[in-house]
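So the structure is just underneath, and the comments pick up after that.
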Amino acid sequence: MSHVFFKGGTLIDGNGGVMEDSGVLIRDDEIVRIGKASEANLPPDTRVQEIGGKVIMPGLIDAHVHLVGVRTPNPISASFTSPELLVGRALNDTKKLIEAGFTSVRDVGSHIALHVRNLIAEGEYEGPRIKASYKLLSQTGGHGDLHMLPPEFNSYGYICDGVAESRKAARTMFREGADFIKVCASGGVISEKDDPRAPQFTLEELEAIVYEAGAVGSYVAAHAHSTLGIKNALRAGVKTIEHGILMDDEAIELMLDRDAILVPTMTITSLLVAHGSRIGLPESTLRKAQLLKQVHTQNLQKAYRAGVKIATGTDLMGVTPVEHGQNAMELSLLVSEVGLSPMEAIIAATKTAAAALALQDSVGTVEPGKKADLLIVSNNPLQDINVLTDTANIEQVYVGGKRLK
């Protein structure tokens with residue numbers, strides 16, 4: 001066993017607490033003690049690392065990414081690129097995540113992310129913890145249906161209609177190794193033919209998918225822009241609502257009643273509106289993004305004031321301008337546009353995001369018994385949340401006690 005003691009830094013613990021002159025003791029991959037550095041009684045083999053004047057905090061978590069390995073915004077490109085090439089690119093994207101301080105991510109739709117997850121878990125490569133859904137479930141003509149391709153060539157979504165097919169689809173995802181299920185409960189922005197305001201899947205279909213996830217101890221994340229789509233997903237029992245753009249007061253109440261988590265993904269919309277035209281995104285996509293951005297912010301503000309749990313998620317996918325490595329932009333937007341305090345944004349990116357990944361028992365906060373997923377940051381993000389958006393400020397990154405930056 002080896003011990004490391006981080007001495008003298010300002011601790012932001014992920015629970016809302018701050019401790020000056022802190023001491024954090026880790027043993028191998030686990031946090032074993034926190035307290036005042038001056039009061040520490042250390043094991044004889046402990047290596048002491050002085051971090052006075054710096055911040056120690058939990059690793060950041062992005063609860064909505066796509067590790068797809070594509071380098072073009074064309075949605076069908078992944079279906080015609082060799083999976084070996086896609087996996088190699090996605091592994092490089094995980095390096096960008098580590099550089100940015102993200103020690104865990106949840107992939108919500110990629111046919112290669114399972115392999116990236118497994119390569120890292122096996123120790124073949126170093127990178128963040130990954131939870132992956134494999135393909136996202138979509139109705140025919142829905143957000144995950146690449147309509148310009150025959151269904152058998154669709155590497156992005158898995159098409160199912162009716163209760164029986166929905167059950168089998170969920171079971172198939174778990175058979176392939178998915179950690180959870182991603183379902184499209186409404187139309188989308190990037191998908192060409194469907195409308196974000198339109199619900200997708202019936203309540204009965206969604207309930208069947210949620211049941212199958214619960215039967216194996218897992219859960220469902222729902223892509224949902226549509227007001228009715230959000231409500232149907234919540235009534236069916238999903239755990240997380242992705243995007244949630246057109247939520248109304250009733251949907252907000254349902255989120256509170258069901259203790260659901262909102263993953264708003266403001267980053268993708270902001271980047272598409274700002275840069276989409278120069279990279280050749282279809283006019284239909286740009287128009288939808290522009291129309292939805294303002295109402296999204298207004299509804300997020302209402303949800304935040306009502307007390308809805310918010311977790312950070314970006315929807316980044318490795319394509320310029322939505323490449324990985326700028327994931328902390330979501331924290332900045334939550335502060336500047338929604339009104340969260342810097343501390344609340346950090347909790348959204350640590351403790352609450354860990355819950356969205358079903359990893360709340362092992363990561364997300366700095367406390368004894370948790371894995372040593374830690375950041376050493378040169379400046380204090382409580383004074384300026386944008387400290388975290390500059391990767392130069394992320395001086396050290398640890399995943400399970402192993403330094404990766």
Without hydrogens or angle criteria, can the side chains of Asp107 and His66 be said to hold a donor-acceptor pair below 3.5 Å? no
Verdict with reasoning, Lys96 to Glu323, per salt bridge (Lys or Arg N to Asp or Glu O under 4.0 Å): CA-CA 9 Å; Lys96 297 177 183 178; Glu323 63 266 35; over 6 Å; no
Query raised in the report: Would you say the side chain of Ile346 lies within less than 4.5 Å of the side chain of Pro381, judging by non-hydrogen atoms?
Result: yes
Does the side chain of Ile12 reach to within under 4.5 Å of the side chain of Asn380, using non-hydrogen atoms?
yes
Treating Gln301 as the side-chain partner and Glu337 as the backbone partner, does any N or O pair qualify as donor plus acceptor under 3.5 Å?
yes
What one should report as the nearest heavy-atom pair of Ile31 and Leu374 is CD1-CD2, 4.2 Å
- Item | Electrostatic pair Asp373:Lys371 at N-O distance under 4.0 angstrom | no
(Q) Please evaluate residues Leu86 and Val68 with respect to the criterion side-chain contact (heavy atoms from CB on, under 4.5 Å), reporting the C-alpha separation (whole Å), side-chain torsions for both, the decisive distance (0.1 Å), and the verdict. (A) CA-CA 6 Å; Leu86 296 175; Val68 288; over 6 Å; no
Report task. Report the C-alpha distance between Tyr156 and Ser110 in whole Å, list the side-chain angles of each, state the deciding distance to 0.1 Å, and finish with yes or no for side-chain contact (heavy atoms from CB on, under 4.5 Å). Result -> CA-CA 6 Å; Tyr156 176 61; Ser110 164; over 6 Å; no
* Asked: Is a donor on one side and an acceptor on the other found under 3.5 Å between the side chain of Thr312 and the backbone of Ile61?
  -> yes
Per side-chain contact (heavy atoms from CB on, under 4.5 Å), Leu388 is matched among Thr391, Ile385, Asp390 by Ile385
Practice task
List the steps, then state whether side-chain contact (heavy atoms from CB on, under 4.5 Å) holds for Leu206 with Val238.
Solution key: CA-CA 8 Å; Leu206 292 168; Val238 306; 5.6 Å; no
Inset, instruction - Check whether the side chains of Gln49 and Gln396 place a donor and an acceptor atom closer than 3.5 Å, and report yes or no. - result: yes
d(Leu97 CG, Ile130 CD1) to nearest 0.5 Å is 8.0 Å
task = Check the pair Ser22, Glu20 against side chain to side chain donor-acceptor pair (under 3.5 Å), reporting the backbone distance first and the verdict last.
result = CA-CA 5 Å; Ser22 69; Glu20 301 293 341; over 6 Å; no
Of Glu207, Glu250, Glu253, the one forming a salt bridge (Lys or Arg N to Asp or Glu O under 4.0 Å) with Arg235 is Glu250
Return yes when atom CZ of Phe174 has more than 12 non-hydrogen atoms of other residues, nucleotides or ligands closer than 6.0 Å, and no otherwise. yes
Can you confirm whether Leu404 sits close enough to Lys95 that some side-chain heavy atom of one is under 4.5 Å from a side-chain heavy atom of the other? no
Minimal heavy-atom distance between Ile181 and Ala213, with the atoms involved, is CG1-CB, 4.4 Å
NZ of Lys54 to CD1 of Ile376, rounded to nearest 0.5 Å, is 9.0 Å
Exactly one of Val377, Val18, Leu382 clears side-chain contact (heavy atoms from CB on, under 4.5 Å) with Thr10, and that residue is Val18
### Query
Counting N and O atoms only, with roles assigned by atom type, does the side chain of Lys351 sit under 3.5 Å from a partner on the main chain of Gly16, one being a donor and the other an acceptor?
no
- Basic-acidic side-chain contact under 4.0 Å: Lys231, Asp248: yes
Determine, stepwise, if the pair Lys309 / Asp259 fulfils salt bridge (Lys or Arg N to Asp or Glu O under 4.0 Å). CA-CA 8 Å; Lys309 291 180 180 177; Asp259 198 30; 3.0 Å; yes
d(Leu331 CG, Asn386 CG) to nearest 0.5 Å is 9.5 Å
In Val48, Thr46, Ile26, the residue satisfying side-chain contact (heavy atoms from CB on, under 4.5 Å) with His3 is Thr46
### Lys/Arg N to Asp/Glu carboxylate O, Lys405 vs Glu99, below 4.0 Å
yes
Exactly one of Thr81, Leu85, Val319 clears side-chain contact (heavy atoms from CB on, under 4.5 Å) with Val70, and that residue is Val319
message = Taking the basic N atoms (NZ, or NE/NH1/NH2) and the acidic carboxylate oxygens, is any pair closer than 4.0 Å for Lys402 and Asp29?
response = no
| field | SB check Arg117 Asp179 (cutoff 4.0 Å) | value | yes
CD1 (Ile112) and CG (Leu91) are apart, to the nearest 0.5 Å, by 8.0 Å
In short, Ile245 meets Asn299 closest at the heavy-atom pair O-ND2, 2.8 Å
Query raised in the report: Is a donor on one side and an acceptor on the other found under 3.5 Å between the side chain of Lys370 and the backbone of Pro58?
Result: no
### Message
Tell me whether the count of non-hydrogen atoms from other residues, nucleotides or ligands lying under 6.0 Å of CG in Asn41 goes above 12.
### Response
no
Exercise. Between Glu39 and Arg33, is there a side-chain N and carboxylate O pair less than 4.0 Å apart?
Worked result: no
### Message
Ring-plane angle category for His143 and His223, please: parallel below 30°, perpendicular beyond 60°, tilted otherwise.
### Response
parallel
Worksheet item: Does any non-hydrogen side-chain atom of Ser138 lie less than 4.5 Å from one of Tyr158?
Response: no
Heavy atoms of Phe201 and Cys160 approach each other most closely as CE2-O, 3.4 Å
*Could you tell me whether the side chain of Lys302 reaches within less than 4.5 Å of the side chain of Asp249, counting heavy atoms only?*
yes
Under the side-chain contact (heavy atoms from CB on, under 4.5 Å) criterion, do Ile310 and Thr352 qualify, and how do the steps go?
CA-CA 7 Å; Ile310 296 174; Thr352 310; 5.9 Å; no
**Q.** Test item: Glu330 side-chain N/O and Thr265 main-chain N/O as donor-acceptor pair under 3.5 Å
**A.** yes
- Task: Could you tell me whether the side chain of Asn379 reaches within less than 4.5 Å of the side chain of Asp384, counting heavy atoms only?
- Result: no
Could Arg106 and Phe180 be counted as a cation-pi pair, given that NZ or CZ must be under 6.0 Å from the ring centre and within 45° of the axis? yes
| Can you check whether His243 and His296 have ring centres sitting under 6.0 Å from each other? | no
Practice task
For Thr314 and Asp62, test the side chains for any donor-to-acceptor distance below 3.5 angstrom and give the result as yes or no.
Solution key: yes
So CZ of Arg197 and CG of Leu228: to nearest 0.5 Å the spacing works out to 14.0 Å
(Q) When you measure from the side chain of Ser186 to the backbone of Pro199, do you find a donor-acceptor pair of N or O atoms at a distance under 3.5 Å? (A) no
- Would a 4.5 Å heavy-atom cut-off, applied to side chains only, mark Arg129 and Thr103 as touching? no
Taken to the nearest 0.5 Å, the spacing of Gln139 CD from Asp145 CG works out to 9.0 Å
Does any N or O in the side chain of Thr227 come within less than 3.5 Å of the main-chain N or O of Leu246, such that one atom is a donor and the other an acceptor? yes
*Could you tell me whether the side chain of Val108 reaches within less than 4.5 Å of the side chain of Leu136, counting heavy atoms only?*
no
Tested for salt bridge (Lys or Arg N to Asp or Glu O under 4.0 Å) against Glu212, the lone hit among Arg171, Arg175, Lys168 is Arg171
Q) Does Arg71 come within less than 4.0 Å of Asp93, counting only side-chain N to carboxylate O? A) yes
